[in-house]
K.L.:
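Submitted below is the structure of interest, expressed as structure tokens.
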Amino acid sequence: MTKRIQPQQTAAFYAQAVASFGISVSAMVLALAYLPAEPWVRAFLALGLLYVVTSTVVLCKVVRDRQEISAVTTRVDQARLDKLLTNHDPFKVDG
């Protein structure tokens, strides 16, 4: 059975993703703080921002879990196929 190469993410990519998330959330919080509107409007928009962030995190987790399940299923199917091919003898004659 051949082992598939798992893609690795670099530390720079991870740092860029974390920095991008932090900068975008900070910018939105600052924009909400300095928005020339009544406090209840800012609070409503802040709750909307919180909802978007939490639903994004949940979506990322669901996509990651689905990909991991698919990878496990693929590995099990590959192991079964490898075992079948190992036990098969094309020159064997029944009888």
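Numbers here simply count residues along the sequence, with the first being 1.
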K.L.:
Check this for me: Arg64, atom CZ, are more than 12 non-hydrogen atoms of other residues, nucleotides or ligands nearer than 6.0 Å?
P.N.:
yes
K.L.:
Can you name the closest pair of heavy atoms from Leu49 and Met28 and give their distance?
P.N.:
CD2-CB, 3.6 Å
K.L.:
Treating Ser20 as the side-chain partner and Gln16 as the backbone partner, does any N or O pair qualify as donor plus acceptor under 3.5 Å?
P.N.:
no
K.L.:
May I ask whether Val29 and Trp40 are part of the same hydrophobic cluster, defined by side-chain heavy atoms of I, L, V, M, F, W, Y residues being less than 4.5 angstrom apart, directly or through others?
P.N.:
yes
K.L.:
Partners of Asp65 by side-chain hydrogen bond (donor to acceptor under 3.5 Å, both in side chains), sequence neighbours excluded?
P.N.:
Lys61
K.L.:
For the CG atom of Leu30 and the CG atom of Leu35, what is their distance to the nearest 0.5 Å?
P.N.:
12.0 Å
K.L.:
Running the 4.5 Å side-chain criterion over Ile, Leu, Val, Met, Phe, Trp and Tyr, what cluster does Val58 land in, apart from itself?
P.N.:
Val62
K.L.:
Under the side chain to side chain contact (heavy atoms under 4.5 Å, CB included) test against Phe21, which residue among Ile23, Val25, Val18 passes?
P.N.:
Val25
K.L.:
Could you state whether Leu32 and Val52 fall into the same hydrophobic cluster, counting links through intermediate Ile, Leu, Val, Met, Phe, Trp or Tyr residues with side-chain heavy atoms under 4.5 angstrom apart?
P.N.:
no
K.L.:
Got a sec, which pairs hit side-chain hydrogen bond (donor to acceptor under 3.5 Å, both in side chains) with one end in residues 46-60, sequence neighbours left out?
P.N.:
none
